[in-house]
Structures are given as C-alpha cells and as structure tokens.
Amino acid sequence: MDLSVIGTRLGAAALKPLVQKLLVAEGAGAGIVERPVRVSGWLSYRGEKKSLSEQDLLKLATELVRRAVEPLPASDRPAADEEAATAHALALTLHALGDLDMDDVQAVELGEERFALRLKGAVSASTFLFLSEGAVALHDAVLRVACRHILHFFTQRSTFVARTLVEQTRRQGRMQSDVSALLQRVPSVVVQDAEFEARYAEQLVRRHGELTIYGLDLGQAREWQLDAAYISLEAETRQGPAVPIPTQRILAGRDRVLLRGLAGSGKTTLLQWLAVSTVRQELPDELGGLRGRVPFVLPLRTIARQTLPRPAEFLSSVGFPLTEPEGWAERVLSAGRGLLLIDGVDEVPHHMREIARQWLHRLIAAFPKNLWLVTTRPSAVQDDWLQADTFAELSLMPMSEEDITAFIRRWHAAAVAGDESADALLTAVRTKPDLGHLAVNPLMCGLLCALHRERRGFLPEDRKELYDAALAMLLERRDLERGMHQRGDLRIGREPQIALLQRLAHWMVRNDRSEMDRDDARAVLAAHLPSMTHIDADAETVLRYLLDRSGVLRQPTADTMDFIHRTFQDYLAAKAIVEARDFPWLQDNAENSQWEDVIRMAVAHGRPDERARILRGLVPVLTDEQLHEETSPGRPQLRFHRARMSPPSDKNGRRRLPLRRVLLARSCLDHAPEVDSALQESIMSLTRGLLPPNNLTAARRLAEYGGPNVVSMLPGPEHLDEGQAEACVVTATRLVSNAAIAYLALFRTHPSMLVRRQLAWSWHRFDCSTYAEEIISHLPEDGELYFTAASVEHLSALRAMGGRARIQILGTHHPRDLASHIPAERLTHLWLREGYTSVFHGMNWLARFPHLHTLVLPKPPHPLDAHTIPGSVKIVIAERRESLLLGPGTITE
C-alpha cells in the first residue's frame with residue numbers, strides 16, 4: 001500500500017473540507033482572547049452546542065478512509081469489512097481529540113507526526129487489536145494527514161499568528177521539509193496531475209461560474225454570478241410513479257442520469273452549477289460522492305463538429321486554454337474520479353445521434369466507475385435510448401410559482417431594478433394567465449423580466465410577441481440608449497438585421513446544425529447582401545457587426561458562431577421558412593424533434609392560409625361526417641402510434657394517427673391568432689382521441705406536448721376508472737395554472753387513494769394558499785394519506801387547518817420549524833423523505849409529539865442512532881426512493 005499516494009491524494013483535493021467539519025469556526029470577538037485555547041474547545045462534536053453527532057463523526061471517518069483508498073489499485077485495496085473497521089478505529093481516534101490535555105499552541109509545537117502519535121496513544125490499545133497490519137498503516141496515514149489540516153486550522157486564527165509567530169515559523173519549516181521528502185518519494189506524474197487539476201479548477205470556474213442576464217445594459221454587469229443565479233428546480237422520475245427530486249440532488253445515489261427538459265428549462269445551467277460546485281468543494285451532503293471528482297463539461301453542439309473526442313481530446317474539443325499532462329484524462333477516468341456532464345443530445349444532427357450513443361457506450365464500457373449526466377430535449381430520443389447502459393431517466397418540471405417568484409426577485413436584485421418593479425411583474429404573472437404560461441422556464445422568465453424593465457411594465461401577451469419585443473430590445477434600443485454608434489460607423493437597422501439573422505438561422509435549421517462555421521456564415525451573408533443596397537459593407541464586416549452588436553449571436557470558437565439560445569434560432573428560422581413558403585419541407589420534417597419549435601413559430605408567423613397549410617400537413621383533416629362518426633357515443637377510441645412509418649390502420653380498421661404530429665398540431669393552435677374553425681375542430685377532435693390518457697407515461701407526454709390549454713379538454717372524474725383518473729390528475733398537476741386547480745378540485749374527494757395522494761404531494765407546484773383552500777383543505781384524512789409539506793409555508797397552512805395526523809416532509813427543515821408549525825396533539829405519522837441524516841442531529845425533538853407512533857425514513861447510509869428516538873415510536877424504512885408515493889403497503893421495516 002503506497003501511503004505517499006494516499007497523503008498526496010487527500011491533501012490535494014478531498015480531505016480539507018471534511019476535516020473542517022470537525023472544528024468550529026472562530027467566532028466574532030475571538031481576537032481579544034489572549035490565552036491559548038484547549039484543543040477540546042475547537043471540536044464540533046463536544047460541548048453544549050454540538051453540530052456533529054457521534055454518528056456523523058463515524059460517517060466522516062468512513063468518507064476519509066474511502067477517499068484514501070479510492071486511487072489505489074484494486075490489488076492494494078483492503079477488503080470491505082477491513083475498510084469499515086479502519087473507519088471505526090479512525091472515528092474513535094478523532095473522538096479522542098477532546099481528551100488531550102494540551103492547548104492549541106502546544107499541539108502545533110508538536111508537529112503533525114508527534115501530534116498524531118499523541119492522539120493515537122489516547123485511544124485504548126484494544127481499538128487496534130483486531131486490525132491487520134495494513135489496516136493500522138492505513139489508519140495512521142489518514143490520521144497523520146488529518147492532523148496536518150487540524151494544526152493548520154489552529155495557525156489560521158487571528159490571535160494565534162501574533163502570539164506564536166516563532167513557533168509557527170518553525171512548524172512551517174518542518175512541514176516544508178516533510179513535504180519535500182514526501183514529494184521525492186511520490187512519482188512525478190502525481191505531482192503534475194495535482195498541480196494541473198488546481199489550474200484546471202480555476203479555469204473551469206472562470207468559464208462556467210457566470211451566466212448572462214438577458215436585457216441588462218452593458219453599462220451594468222451583464223454577467224450573473226452562478227451561485228447567486230442558480231435556483232434548484234425540480235425533476236421527476238420517468239420510470240414508475242413520478243417522484244419529485246430537486247435538480248441539485250439528481251446525482252445523489254445515481255451514477256448515470258439522462259435528463260430531459262424543454263428549451264430554456266435550465267439543463268445547461270444545472271451542468272454549470274454541478275461543475276463549479278464540484279471543483280469548489282461546495283456541495284450538499286447528499287452529493288458527497290462528487291467530492292474530489294474532476295468535471296468534464298462537454299456540449300455536444302460543439303464537440304460534434306468533428307469526430308467525437310477521446311478522453312485525451314476532451315479539453316481541446318471545447319477550446320479549453322490549458323494543456324494537460326500526457327495521459328491525465330485517462331488516469332482520472334480510470335481511477336473513477338470523473339464527472340462527465342454531456343449537454344444537448346438534441347443539438348446533435350439527427351443522423352449523428354446513434355453515433356453519439358455508440359460513442360457514449362464505448363466510453364462507459366472503458367471507464368465504468370465515473371458519474372455521467374446527459375441532457376436532451378424531451379422528444380429528441382426514445383425513452384429507452386440509454387437503457388442498455390442503465391441510465392436513470394428524469395424530466396425537468398416547469399417552474400413552480402415559488403421558483404418564478406425566487407427567479408424574478410433575484411433577477412431584479414442583480415439588475416438593481418428595485419423591489420417595486422419585481423412586485424409589479426409578480427402581480428402581472430399571477431393575475432394574467434397568458435403571462436403565467438410564458439414564465440415556465442428560466443429563459444422565458446428572464447426575458448419577461450428584461451422586457452418588463454425595458455418597457456416600464458408593458459408586456460406582450462403571447463410567445464411570438466415576446467420574441468418580437470426581445471429582438472427589438474436586443475437589436476435596436478440597447479445600442480441607441482447607450483450611444484454605441486459614432487459618426488461614420490456602420491449602422492444596420494433592426495429589420496435588415498432580422499433579415500440577415502433569418503438567413504443564418506434558416507441555413508442552420510435546414511442543415512440540422514446548432515453551430516455554423518464562419519466561412520459558411522460569410523457565404524450566406526454574401527449571397528444576400530447584393531439585394532440590400534443600403535448596406536455598404538462586405539460580408540465579413542457585416543458578420544462582425546452582428547456578432548458584436550446584435551446581442552443574438554455569439555462566437556464559441558474562433559471559427560464558429562451560433563445563437564445565444566436555440567429558441568432565437570428557431571424563431572428566426574421559422575420566419576424565413578414562412579417567407580420562403582418552404583412548407584413541404586416543414587411537413588417532411590415534422591417527425592424531427594428539433595423542428596417542433598420551428599413549426600410552432602411558423603404557425604405564429606404565418607398568415608391564415610399559410611397556417612392552415614402547415615397544420616394540414618401535420619394531421620389529416622376530418623370531414624363533418626367523419627367528425628360526427630369519431631365523436632359519436634360508443635365509438636372506439638382513436639389509435640395513435642409513435643413511429644412515422646406505422647401502418648395507417650390497425651387490424652380492426654381503426655385509423656392509426658401519428659401521436660407526435662397530433663400533439664404538435666394541438667400545441668400550434670396556442671400560437672395561432674386565427675385558424676379556420678373547421679380545421680381547428682378537426683385538430684381538437686383528434687386530440688380528444690387521446691383522452692383520457694391510459695397510463696402515467698401518456699399522461700406526462702400529453703402535458704409535455706399538449707400545452708397549458710389541454711387542461712380544458714380533460715374529462716371529469718365521472719366514468720373514469722382508477723388508472724384513468726390518476727393519469728388525468730397527473731396531466732393537470734403538470735399544467736400549473738388556476739384552470740388546473742379548478743380541474744383538480746373535481747377530484748379532491750375521489751375514492752382512489754392513488755388520486756388523492758397525487759393531489760397531496762403536488763401542492764408545492766402551485767400557489768400555496770390557493771391550492772390549500774381549493775384542494776388540501778378538502779382532502780379527507782381517511783385511509784393512509786400523507787399530506788406533503790415542502791416548506792414552512794405549507795406547514796403553517798396545515799396548522800391553520802387544524803393540523804393533520806399524517807405529514808410527509810419534502811426536503812429538509814430544522815427541527816424547530818417542525819416543532820413550532822406542526823400541532824403536537826394531532827401528529828401520529830411523520831415521513832421524512834430525504835436529507836434528515838445531514839440536518840437532524842439526533843431525534844430527541846420527536847418527544848415533543850406525544851401521539852407520534854410511526855416515523856418513516858429513507859434508507860440511511862449508516863445505522864440509525866436509534867437511542868435518540870423515543871421508544872414508543874415505530875421506525876419504518878423506505879426501501880427505495882420510488883416507494884415514496886406508493887404508501888406504507890410497499891414499505892418494509
């Protein structure tokens with residue numbers, strides 16, 4: 001066992017943030033203390049105000065040992081039981097810090113070697129009696145490096161530096177000598193890798209640590225610090241019952257995830273946050289498995305321009321400015337230390353997606369121990385696209401009202417726009433349904449913020465108007481109000497800029513590209529400039545003008561350009577397609593997921609006859625006789641298929657229609673100001689053939705593609721069986737609006753527990769008080785229904801209703817919040833869904849609930865500290881995360 005490798009590994013990345021949990025920070029006023037402090041006074045698991053329990057200490061020691069052995073070859077690693085025994089011994093040794101009869105100055109004077117020996121000597125010899133020689137050596141190696149960081153902590157205190165300058169200098173000299181000796185024994189490649197990883201982390205934070213705020217003046221900061229901008233949204237599982245999961249925890253307990261989300265829903269931002277938080281070592285406890293890992297952010301739109309890269313080409317393929325040590329990336333992946341963040345499968349040309357899947361499959365086969373997160377738009381690939389590689393599939397949810405509120409307030413704080421402006425926008429979004437439908441994801445919400453500020457409160461009512469206004473702001477008013485133009489400068493008006501940008505967007509969509517080579521861009525512009533006689537400049541000058549001034553284009557590399565977001569590309573391409581009357585090509589490509597938004601925007605741009613032509617190309621138009629036949633009582637439900645080439649009818653002669661095209665045509669109606677009534681009724685009739693959804697997958701797809709107005713078409717609870725009723729409720733809970741609440745109210749006394757359970761846990765997606773009044777207060781407490789609370793506001797609302805006997809807690813809350821907001825006399829069953837191991841330091845607070853007799857917990861990573869739980873309380877363990885919605889019948893003790 002190479003102990004020098006252990007020391008370097010821990011010291012370089014993993015150990016410092018873990019050891020710091022053992023110690024309490026220096027409080028305000030500590031600088032006036034003139035005497036040394038006893039070692040026990042700095043421990044976070046001793047004294048009256050403990051922040052770490054003994055169980056937490058064991059968990060921390062286990063993590064230290066695991067990180068120590070992680071880089072070792074399999075042949076050198078201890079067995080699992082020996083590793084656990086080593087961790088137990090290390091926990092006992094660290095606990096003995098409180099028994100040392102010395103102060104911090106004396107500890108520093110000893111130096112790390114002698115301090116570690118003194119600490120080990122304070123532990124009973126029987127602790128090491130049954131450890132092997134290798135386990136003792138491992139214990140000593142980890143302990144010694146831990147002591148180094150503990151002593152370093154002591155030297156960082158303000159009073160210590162002034163009081164013990166001489167001793168500190170001597171200690172530093174000894175440490176430098178020891179480090180020099182250590183570096184001589186460690187292979188040089190380890191040192192090179194550690195030094196490079198430090199520089200790589202700095203560059204990664206510079207590249208991904210900021211977001212652009214659309215609509216802010218250049219005179220103000222347009223870059224938003226990621227840690228201030230990031231809002232943890234919600235994803236849900238796609239296999240089985242839908243379980244809500246905060247996005248920042250989707251890699252907790254999962255090694256491979258395929259995350260689906262609509263354009264602008266925050267997929268890329270999530271990847272940036274994971275990368276930056278990992279290299280900064282600023283991760284929640286649930287993501288402890290990411291500590292010490294090396295993130296690789298790989299946007300497929302960029303790396304798919306060429307042959308998909310090998311690990312040694314990861315950094316160069318995305319234009320990273322550092323040259324890595326030879327073989328570094330493969331060493332990281334071979335050790336299982338990689339975090340692969342692969343963004344935008346939907347932005348790979350359609351014919352290359354299978355190539356991308358095979359590339360990913362080969363990487364996983366060669367380096368299976370790493371973590372993988374892949375993102376895509378929902379319909380870009382089939383549901384089982386990565387099933388062979390055991391990927392869990394999750395879907396990003398639309399922003400809840402709470403998310404929208406948080407985003408709008410943070411945006412206005414960053415823009416220094418004032419609380420009054422934020423309040424006015426929030427009122428408009430909450431009271432105007434059309435605006436509420438627009439603010440469903442961070443991109444659209446950001447545009448609304450920018451336009452509300454720019455237009456002093458006047459906002460567009462639909463998506464096309466929103467993009468029209470956004471382009472007007474970005475292309476014209478921004479430069480005018482800043483005085484960017486000087487006499488003699490090239491100046492291109494808004495409409496000519498839009499015309500030129502349309503040409504670029506049209507070329508990119510026609511060629512199935514998300515990026516464009518500069519040479520191709522110049523050629524496209526050169527072909528159209530002769531018809532624009534008022535522009536006296538060559539193609540290169542015009543392209544540079546659009547990159548510098550439009551605010552819509554950007555230059556990811558020296559040789560390429562793209563749009564700041566795919567939605568702008570789709571919007572402009574749709575306008576060009578309508579003007580070119582390229583309708584047959586739209587019809588031929590309706591099955592391509594990348595074209596869905598283009599088709600919707602083309603319908604919005606078109607005149608009535610053009611809209612009708614596009615919609616008739618998507619679905620067949622039913623005659624009046626066919627409409628009557630399809631909607632007559634007793635008529636079998638229309639049959640739908642996914643694949644484009646499926647036969648037109650089934651064996652019973654019923655018409656088989658393309659599901660995606662029908663849903664796409666229905667969503668297009670929401671963007672069309674005027675459509676022929678017969679055509680509109682034909683499309684609505686076909687959509688009604690999808691109702692009620694017959695399973696949860698169909699329910700989610702209906703909400704995903706059908707748009708917010710689908711809720712008006714959902715059938716009521718009468719004549720629905722239990723499965724259909726649950727599926728209808730699932731669809732409505734994903735269409736967050738007042739109309740959805742009104743529909744869900746029809747099911748609040750439904751006899752099915754599955755239906756009522758869906759209603760109870762969907763509360764967090766809607767306005768708290770409205771949903772509480774219309775839904776929660778009417779749900780009967782009979783049976784085994786748990787009322788789900790995701791925030792203190794929910795707990796307060798339940799208390800105002802008189803409390804509930806069964807409560808399920810989403811996320812983590814401090815015990816004092818639970819104790820003060822849950823009526824003690826009512827509670828009999830409490831379900832803590834996740835995170836309790838990192839927040840609840842002991843369960844003695846449960847004694848405040850005299851009638852509590854059942855406590856449901858997720859499966860803990862370590863044995864429960866059961867002695868802190870009142871003896872009258874029965875503990876029930878949820879075996880799987882997916883069981884959270886299934887009820888106690890699926891839970892085992």
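- The existence of a salt bridge linking Arg67 and Glu63 is confirmed by a sub-4.0 Å separation between a basic side-chain nitrogen and an acidic carboxylate oxygen.
- Side-chain atoms of Lys267 come within 3.5 Å of backbone atoms of Gly261 as a donor-acceptor pair (strictly under, hydrogens ignored).
- Here the closest non-hydrogen pair linking Ala235 and Leu259 is CB-CD1, 4.2 Å.
- A donor and an acceptor atom, one from each side chain of Ser277 and Glu282, are nowhere located under 3.5 Å apart.
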| query | Would Leu340 and Leu371 count as a side chain to side chain contact (heavy atoms under 4.5 Å, CB included) if you check the C-alpha gap in whole Å, the side-chain angles of each, and the deciding distance to 0.1 Å? | reply | CA-CA 6 Å; Leu340 283 298; Leu371 298 184; over 6 Å; no
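- To the nearest 0.5 Å, atoms NE2 (His361) and CG (Asp389) are separated by 5.5 Å.
- Atom CG of Leu394 and atom CG of Leu251 lie 9.0 Å apart (nearest 0.5 Å).
- Considering only heavy atoms from C-beta on, Phe563 stays 4.5 Å or farther from Asp570 through its side chain.
- Residues Ala699 and Thr731 share a closest heavy-atom pair of O-OG1, 2.9 Å.
- Side chain of Arg293 to main chain of Asn370: no donor-acceptor pair is present (N/O by atom type, distance under 3.5 Å, no hydrogens or angles).
- Atom CE in Met397 sits 12.5 Å away from atom OG1 in Thr247 (nearest 0.5 Å).
- Separation of atoms CZ (Phe367) and CH2 (Trp372) is listed at 8.0 Å; rounding is to 0.5 Å.
- Considering only heavy atoms from C-beta on, Thr323 stays 4.5 Å or farther from Phe196 through its side chain.
- Heavy atoms only, all atoms of each residue included: Met399 and Pro442 are closest at SD-N, 3.4 Å.
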| message | Applying ring pair (Phe, Tyr, Trp, His ring centres under 6.0 Å) to Phe320 and Tyr200, what does each step give before you reach the verdict? | response | CA-CA 9 Å; Phe320 218 80; Tyr200 176 66; 5.1 Å; yes
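- Annotation: side chain of Leu274 is in contact with side chain of Leu373 (closest heavy-atom distance under 4.5 Å).
- The backbone N or O of Asn511 sits less than 3.5 Å from a side-chain atom of Arg513, completing a donor-acceptor pair.
- Taking 4.5 Å as the limit, some side-chain heavy atom of Leu290 sits within range of a side-chain heavy atom of Leu339.
- Contacts classified as salt bridge (Lys or Arg N to Asp or Glu O under 4.0 Å) and involving residues 360-375 (residues at least two apart or in different chains) are not found.
- Under the 3.5 Å distance criterion, the side-chain polar atoms of Trp359 are matched with a main-chain donor or acceptor of Pro309.
- Leu696 is listed as a side-chain neighbour of Arg700, based on a closest heavy-atom distance under 4.5 Å.
- Side-chain atoms of Gln358 never come within 3.5 Å of backbone atoms of Ile355 as a donor-acceptor pair (strictly under, hydrogens ignored).
- Of the possible donor and acceptor atoms, none in the side chain of Gln808 sits under 3.5 Å from a partner among the backbone N and O of Trp831.
- No donor-acceptor distance shorter than 3.5 angstrom exists from the side chain of Asp512 to the backbone of Val509, with no hydrogens or angles considered.
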| query | Which is it for Glu234 and Ser400 under the side-chain hydrogen bond (donor to acceptor under 3.5 Å, both in side chains) test, yes or no, and what are the steps along the way? | reply | CA-CA 9 Å; Glu234 186 180 87; Ser400 67; over 6 Å; no
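- The CG atom of Leu204 sits 9.0 Å away from the OG1 atom of Thr278 when rounded to the nearest 0.5 Å.
- Summarising the geometry of Thr733 relative to Gln758, their closest heavy-atom pair is OG1-NE2, 3.5 Å, with the distance given to 0.1 Å.
- Side-chain contact, Glu402 with Ser791: no donor N or O sits under 3.5 Å from an acceptor N or O.
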| said: One pair to check against side chain to side chain contact (heavy atoms under 4.5 Å, CB included): Leu386 and Arg256. What are the steps and the verdict? | reply: CA-CA 10 Å; Leu386 293 177; Arg256 302 170 190 173; over 6 Å; no
| task | Report the C-alpha separation of Phe314 and Leu298 in whole Å, then their side-chain angles, then the decisive distance to 0.1 Å, and conclude whether the side chain to side chain contact (heavy atoms under 4.5 Å, CB included) test is met. | result | CA-CA 7 Å; Phe314 280 174; Leu298 302 174; 4.0 Å; yes
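- Taking 4.0 Å as the cut-off between side-chain N and carboxylate O, Arg260 and Glu393 count as a salt-bridged pair.
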| Intermediate values then yes/no, side chain to side chain contact (heavy atoms under 4.5 Å, CB included), Leu90 and Val142 | CA-CA 8 Å; Leu90 181 61; Val142 179; 3.7 Å; yes
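- Applying the 6.0 Å contact sphere to CD of Gln387 captures no more than 12 heavy atoms from other residues, nucleotides or ligands.
- Between Ser514 and Asp562 the shortest heavy-atom distance is O-CB, 3.3 Å.
- Ionic pairing of Arg661 and Glu596 is not present here: no N-O contact between side-chain nitrogen and carboxylate oxygen is shorter than 4.0 angstrom.
- Minimum heavy-atom separation, Arg66 to Gly289: NH2-CA, 4.3 Å.
- Asp193 contributes atom CG, which lies 4.0 Å from atom CZ of Arg331 (distance to the nearest 0.5 angstrom).
- The shortest side-chain heavy-atom distance between Glu197 and Glu324 does not fall under the 4.5 Å cut-off.
- Taking the six-membered ring for Trp, Trp763 and Tyr786 have ring centres at least 6.0 Å apart.
- No side-chain donor-acceptor contact under 3.5 Å links Arg280 to the backbone of Val205.
- Contact of the Phe391 side chain with the Leu360 side chain is registered, since non-hydrogen atoms from C-beta on lie closer than 4.5 Å.
- Between the Asn695 side chain and the Thr697 main chain, a donor and an acceptor come within less than 3.5 Å of each other.
- Looking at Asp384 and Arg357, no side-chain N of the basic residue comes within less than 4.0 Å of a carboxylate O on the acidic one, giving no salt bridge.
- With a 4.5 Å cut-off on side-chain heavy atoms, Ile250 and Leu270 count as touching.
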